Colleague: 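My questions will all concern the structure given below.
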Amino acid sequence: MAGLSQRLWGVEFQSPVLLASGTCGYGAEYDGLIPLDDLGGIVTKAVSLEPRPGNLPHRVAETPGGMINAIGLQNVGLKRFRDEKLPWLDEHLTKAHVLVNVVGHTVEEFSTVVAGLDDATGFLGYEINVSCPNVKGGTLFGTDAKALSELVRRVRQTTARPVIVKLTPNVPDIAVYARVCEDAGADGLSTINTFPGMLIDVEARRPVIGNVSGGVSGPAILPMGIYLTWRAAQAVEIPVIGIGGIRTAFDALQYVLAGASLVQIGTALFVDPNAAVDVQRGMAAHLESQGVAHLSDLVGAVELPNHA
Amino acid sequence: MAGLSQRLWGVEFQSPVLLASGTCGYGAEYDGLIPLDDLGGIVTKAVSLEPRPGNLPHRVAETPGGMINAIGLQNVGLKRFRDEKLPWLDEHLTKAHVLVNVVGHTVEEFSTVVAGLDDATGFLGYEINVSCPNVKGGTLFGTDAKALSELVRRVRQTTARPVIVKLTPNVPDIAVYARVCEDAGADGLSTINTFPGMLIDVEARRPVIGNVSGGVSGPAILPMGIYLTWRAAQAVEIPVIGIGGIRTAFDALQYVLAGASLVQIGTALFVDPNAAVDVQRGMAAHLESQGVAHLSDLVGAVELPNHA
Amino acid sequence: MSTPCRLPARVLSNQRAGADTYWLEIDAPPIAQAAVPGQFVMIGFGLGRLDAPFLPRPFSVGWRGDDGRIGLLVRRFGTGTHRLAALRPGDEVLLLGPLGRGFRWEQDSPLICIAGGVGLAPFLFMAPEAIRHGATVEILYGERTGDRVFDPQLVEKLTGIQPRLYTEDGSRGQIGRVIDGIERGRRIQLFGCGPTPMLRALERLAREEDLPLQVSVEEHMGCGIGTCQGCVVRSVAGEWIKSCTEGPVFRREELSWRD
Amino acid sequence: MSTPCRLPARVLSNQRAGADTYWLEIDAPPIAQAAVPGQFVMIGFGLGRLDAPFLPRPFSVGWRGDDGRIGLLVRRFGTGTHRLAALRPGDEVLLLGPLGRGFRWEQDSPLICIAGGVGLAPFLFMAPEAIRHGATVEILYGERTGDRVFDPQLVEKLTGIQPRLYTEDGSRGQIGRVIDGIERGRRIQLFGCGPTPMLRALERLAREEDLPLQVSVEEHMGCGIGTCQGCVVRSVAGEWIKSCTEGPVFRREELSWRD
Ligand SMILES: Cc1cc2nc3c(=O)[nH]c(=O)nc-3n(C[C@H](O)[C@H](O)[C@H](O)COP(=O)(O)OP(=O)(O)OC[C@H]3O[C@@H](n4cnc5c(N)ncnc54)[C@H](O)[C@@H]3O)c2cc1C
Ligand SMILES: Cc1cc2nc3c(=O)[nH]c(=O)nc-3n(C[C@H](O)[C@H](O)[C@H](O)COP(=O)(O)OP(=O)(O)OC[C@H]3O[C@@H](n4cnc5c(N)ncnc54)[C@H](O)[C@@H]3O)c2cc1C
Ligand SMILES: Cc1cc2nc3c(=O)[nH]c(=O)nc-3n(C[C@H](O)[C@H](O)[C@H](O)COP(=O)(O)O)c2cc1C
Ligand SMILES: Cc1cc2nc3c(=O)[nH]c(=O)nc-3n(C[C@H](O)[C@H](O)[C@H](O)COP(=O)(O)O)c2cc1C
Ligand code: FES
Ligand code: FES
């Protein structure tokens with residue numbers, strides 16, 4: 001699958017397909033089930049400074065063509081992540097890259113997590129999560145251009161590794177936030193995180209989700225994700241990672257044509273653990289059948305009609 | 001279906017179920033196909049001051065669990081609407097109510113349309129569309145609190161009829177815009193319009209939709225619509241109309257429990273013209289089976305967990 | 001035009017009639033009775049499912065039986081048509097139809113029907129109807145490849161006539177484009193259904209020869225009944241008009257043929 | 001625990017075994033071989049469709065045959081289980097399993113299995129396995145109404161024993177709650193699977209009588225393999241722990257039983 005490889009942030013990605021944060025744990029959970037190291041990489045569950053307990057159940061439920069989740073960023077915290085999770089990744093992933101998804105309540109917390117990981121081995125860079133809808137204040141940075149800029153600047157100063165910012169879809173114009181990140185020194189963008197959603201158990205007259213609302217992901221959000229990725233990619237020069245509802249190679253290729261250099265697969269993994277591997281294989285087959293030598297030839301290659 | 005009736009804006013709605021703007025034309029298209037006058041009402045296709053030509057095809061396509069449309073507010077304009085479309089509604093709908101969906105580029109245009117219709121018969125009030133993602137600048141009012149406030153104030157001054165404002169989902173917090181509308185004198189809110197989305201034809205490397213992007217509707221957006229309706233209803237005292245992805249009575253009841261007094265059915269009508277009639281019947285059956293005397297007893301009746 | 005009817009209906013049979021090509025018969029008496037050639041139905045599965053086709057898909061009424069059945073010619077194209085091609089007898093579908101305006105013809109000159117691919121469908125219905133009323137009908141039928149050609153025996157059975165066949169690869173019938181088969185300098189009525197490039201070529205020919213032409217156009221449809229404005233084509237006046245209610249059949253003079 | 005396996009598999013049979021209750025047999029040799037009682041599978045349809053169940057659903061392995069088949073007891077509940085209940089022989093499903101930690105037992109005292117509703121499933125698998133290894137096993141099986149009772153002949157065939165039956169409406173078996181059938185003051189091992197109120201009552205009893213108890217819990221699941229953190233229950237230490245990997249079977253001491 002030679003055509004799938006790309007050089008980004010100074011390293012080689014053997015494939016554009018990564019596993020999305022929160023849907024692949026810390027990698028080890030997939031050990032033996034899928035060939036993790038053959039993928040482009042994985043993005044870890046969010047890591048915060050202190051362990052977070054997470055939300056009350058139910059935390060997940062199915063929605064039409066997708067799912068809703070309100071995990072509440074339950075995670076083991078910086079120290080245990082570094083001591084217990086990162087070593088496994090370091091040892092087992094030699095070709096696939098690891099991005100560490102980072103969350104925090106304050107600029108300080110974000111930068112402390114980054115500083116606390118930076119000299120460890122086993123990962124490439126950071127995906128800064130300013131867009132989780134499932135915790136109070138979770139999208140604060142993602143919807144406030146000034147706070148976002150300050151955050152990205154600070155993280156930028158803290159590390160020389162790639163800093164990718166994961167944007168929220170809940171803004172009038174994602175291009176604005178994409179530019180803010182680029183100007184503040186981000187190396188890339190991830191678009192998109194989930195949409196806030198809610199389900200109600202009509203008989204019980206109670207929210208289905210313990211946290212009342214949660215984030216909607218899965219095929220249902222595919223067209224929104226493609227649009228927002230296109231908007232973001234049009235606005236910046238840095239690479240964009242396309243996320244949202246990808247199930248098939250064709251879904252992924254839509255993101256690529258819209259401007260994504262890499263893609264992430266989330267919810268689809270729950271439906272079929274082979275999803276990412278199959279998407280990757282399908283993308284390679286498409287390149288071959290269309291006589292395209294390199295995937296990068298397709299990045300952003302959507303042709304707009306003259307009138308647009 | 002006595003339990004379904006409600007008094008709102010000084011009139012009786014025999015049912016909470018309306019047909020959504022843009023999915024039921026000007027009503028006459030359904031003549032003979034479904035018993036329009038048995039419904040709560042219909043919301044017309046957007047009416048602008050001058051006729052609008054609309055966007056290039058393709059204008060519609062299927063998405064996972066929904067659809068995307070970019071009609072571009074093609075409509076006959078104020079004069080022909082008043083002369084050719086309203087009389088049909090006036091004559092044929094004696095029990096169902098009509099809301100006229102109004103669009104404009106400027107505050108002036110909105111208020112001119114409202115002023116131009118206000119003394120006509122055949123409709124109850126206005127649904128002010130500040131949220132169409134398919135025309136350039138179409139969501140300007142919907143995402144700018146100051147402009148929105150000015151617009152609503154102006155329309156409020158122009159008419160004594162009910163003024164309902166249809167909000168866009170593409171904002172960090174819909175509660176803010178809901179309050180702005182209430183404070184400016186709106187009589188109600190409609191939540192929500194479509195989400196911007198895009199599809200790409202991978203073989204042709206072109207957007208599927210002539211307008212490049214469009215608005216996503218249908219079951220896929222159900223949980224987002226319920227959430228945003230809940231947020232909006234929590235923020236204001238005026239009635240809220242719940243919209244987004246409703247297919248079944250249970251979907252509609254989720255909106256009601258979240259705080260909607262009325263609901264609108266859009267995309268589902270394309271799948272089955274009987275959708276609204278069936279939803280209405282199913283809601284009545286639910287009230288009966290649960291021993292609920294009036295639908296209004298369920299409006300906003302979702303019980304939140306103690307911790308929330 | 002009669003009011004269309006919403007009809008849950010059962011599939012009676014589904015047979016393969018060529019590569020990626022299926023002939024579907026559905027029990028739909030009210031639609032069979034009311035339909036005229038060139039009209040279409042929206043076929044879907046109702047609100048109980050989300051899988052494509054979630055939105056119903058438009059198909060020309062491809063035939064009608066005296067017993068109330070209608071026939072649809074289905075070519076597998078995307079996800080929705082793959083699902084339709086897999087229908088089995090007894091499966092239930094939700095129909096809406098008959099929809100739109102059909103072909104209109106005179107008895108006084110031969111009807112030449114130009115069918116590109118699945119554009120054959122409306123003519124399978126039109127040919128026997130027109131012949132029954134005394135018209136002379138000829139079908140010129142083109143396919144890209146021979147394997148996709150709709151079963152000639154089935155055509156014979158449904159229409160009583162044999163189309164003149166053209167394939168681009170020449171593997172069956174004559175090699176070449178269907179349009180080249182039109183005899184010039186003769187008073188005929190032209191009817192076209194097929195890919196847009198074919199319809200354009202046909203329009204040019206009809207204009208040059210000053211012949212009457214009606215074409216059936218294809219656009220993505222939302223509702224099929226004129227509410228969504230999804231299915232527009234450019235009118236000669238430069239306006240977007242709805243192909244589901246003003247069409248799908250238009251006289252060539254009604255449409256704008258510029259790009 | 002062995003690594004779970006992703007397995008496209010065929011339905012061999014599906015029979016109605018009570019009101020809203022189905023017994024599904026699936027050809028799944030690798031899962032049948034590796035499973036232990038109390039483990040579960042995620043069953044779904046893969047990425048080709050969006051209809052519920054879009055996310056796979058967790059079901060206890062309800063039995064295994066020497067020929068590689070597994071049995072699932074499926075109760076129709078919401079949209080997803082309605083679809084599973086409608087599976088026909090030859091249909092393909094996507095399985096992931098075996099998953100989680102199962103029941104562990106000693107040979108030295110009777111095993112009393114308390115099953116509420118579909119909580120019967122894991123014990124249909126466990127009873128014969130334990131009996132084969134020399135244990136004494138009794139199943140106390142409760143249902144709300146008699147019509148839902150899982151076919152006693154099928155239970156006999158699968159397990160070789162007859163559960164003591166309780167229904168709340170008294171229409172079959174004894175009237176009352178299954179928990180009332182537990183004989184006190186005797187050295188026994190308790191195993192519970194069923195609705196949370198039943199498990200709570202069982203825990204209280206086990207605590208009072210100082211008896212060992214293992215329960216299988218039910219939470220909404222996303223992945224089934226520990227990646228999503230969707231399926232948590234409260235541990236005795238007050239932390240949310242994953243029922244898919246730490247459970248679904250827990251010793252009563254591991255969980256927090258406060259509301
Ligand atoms: C009036 C009319 C009559 C037709 N009659 C026939 C017929 O007799 N036999 C036949 O095989 N086909 C016919 N078609 C075309 C048929 O409707 C499309 O092939 C079908 O909709 C494609 O669906 P899909 O899911 O397989 O394609 P996909 O490309 O997966 O569909 C994606 C989207 O595009 C739309 N779409 C794609 N192609 C078309 C198209 N050509 N026309 C309209 N919508 C499209 C679908 O509705 C859907 O929203 C007709 C179309 C029209 C408008
Ligand atoms: C470990 C385990 C073993 C189980 N074993 C069995 C069994 O042997 N037989 C049996 O009939 N049922 C069993 N269940 C319950 C079964 O998984 C649910 O009944 C089923 O998921 C409901 O799906 P639905 O689409 O019909 O319900 P819906 O209410 O329509 O589903 C909506 C959402 O709720 C989730 N959900 C609803 N109820 C449950 C539940 N009780 N547990 C988990 N998720 C739920 C679904 O995954 C979905 O996301 C088991 C559950 C677990 C966790
Ligand atoms: C269960 C679950 C947990 C998630 N946790 C995180 C998280 O910790 N950090 C984050 O940035 N995104 C998280 N996400 C969002 C995904 O990474 C992804 O952006 C989103 O699900 C859309 O992609 P998909 O449609 O392919 O799932 C989570 C998503 C799911 C479904
Ligand atoms: C084809 C189409 C046209 C629409 N046109 C309008 C419009 O003119 N004005 C408006 O306010 N909303 C318009 N909408 C949005 C709907 O009224 C509704 O808010 C949205 O579709 C969500 O509801 P649904 O999921 O039930 O379709 C349109 C939607 C569709 C699908
Ligand atoms: S398909 Fe909706 S107007 Fe023609
Ligand atoms: S179901 Fe995903 S962690 Fe348990």
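Just so we're clear, the structure is a prediction, and the values are computed from it rather than from any experiment. The basis for the numbers below is simple: all heavy atoms, side chains too, and nothing from hydrogens, waters or symmetry mates.
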Colleague: Report the distance from atom CD of A/Glu62 to atom CG of D/Leu50, rounding to the nearest 0.5 Å.
Modeller: 9.5 Å

Colleague: Is the closest side-chain heavy-atom distance between D/Trp240 and A/Arg59 below 4.5 Å?
Modeller: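 Heavy-atom side-chain distance check passes, below 4.5 Å.
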
Colleague: So D/Thr227 and A/Phe270, do their side chains get closer than 4.5 Å, heavy atoms only?
Modeller: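 Side-chain contact under 4.5 Å: yes.
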
Colleague: Please classify the contact between D/Leu47 and chain A as side chain, backbone, both or neither, with a heavy-atom cut-off of under 4.5 Å.
Modeller: both

Colleague: Out of curiosity, A/Asn69 CG to D/Cys228 SG, how far, rounded to the nearest 0.5 Å?
Modeller: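 With rounding to 0.5 Å, CG (A/Asn69) is 8.0 Å from SG (D/Cys228).
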
Colleague: Please look at A/Asp31 and chain D and tell me whether the side chain, the backbone, both or neither of the residue comes under 4.5 angstrom of a heavy atom of that chain.
Modeller: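 A/Asp31 touches chain D through backbone heavy atoms alone.
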
Colleague: How many angstroms lie between atom CD1 of A/Ile34 and atom CD1 of D/Ile225, to the nearest 0.5 angstrom?
Modeller: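 If we round to the nearest 0.5 Å, A/Ile34:CD1 and D/Ile225:CD1 are 7.5 Å apart.
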
Colleague: Just verifying a value: how many Å separate A/Asp272 CG and D/Arg6 CZ, rounded to the nearest 0.5 Å?
Modeller: 4.0 Å

Colleague: So which part of D/Gln229 gets closer than 4.5 Å to some heavy atom of chain A, the side chain, the backbone, both or neither?
Modeller: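 Contact with chain A: backbone and side chain both.
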
Colleague: Where on D/Arg49 is there a heavy atom nearer than 4.5 Å to chain A: the side chain, the backbone, both, or neither?
Modeller: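 D/Arg49 touches chain A through backbone heavy atoms alone.
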
Colleague: Please classify the contact between D/Leu94 and chain A as side chain, backbone, both or neither, with a heavy-atom cut-off of under 4.5 Å.
Modeller: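 It is the side chain, since no backbone atom gets that close.
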
Colleague: With a 4.5 angstrom heavy-atom cut-off, could you sort out which part of D/Met221 is near chain A: side chain, backbone, both or neither?
Modeller: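 For D/Met221, the contact with chain A is made by the backbone alone.
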
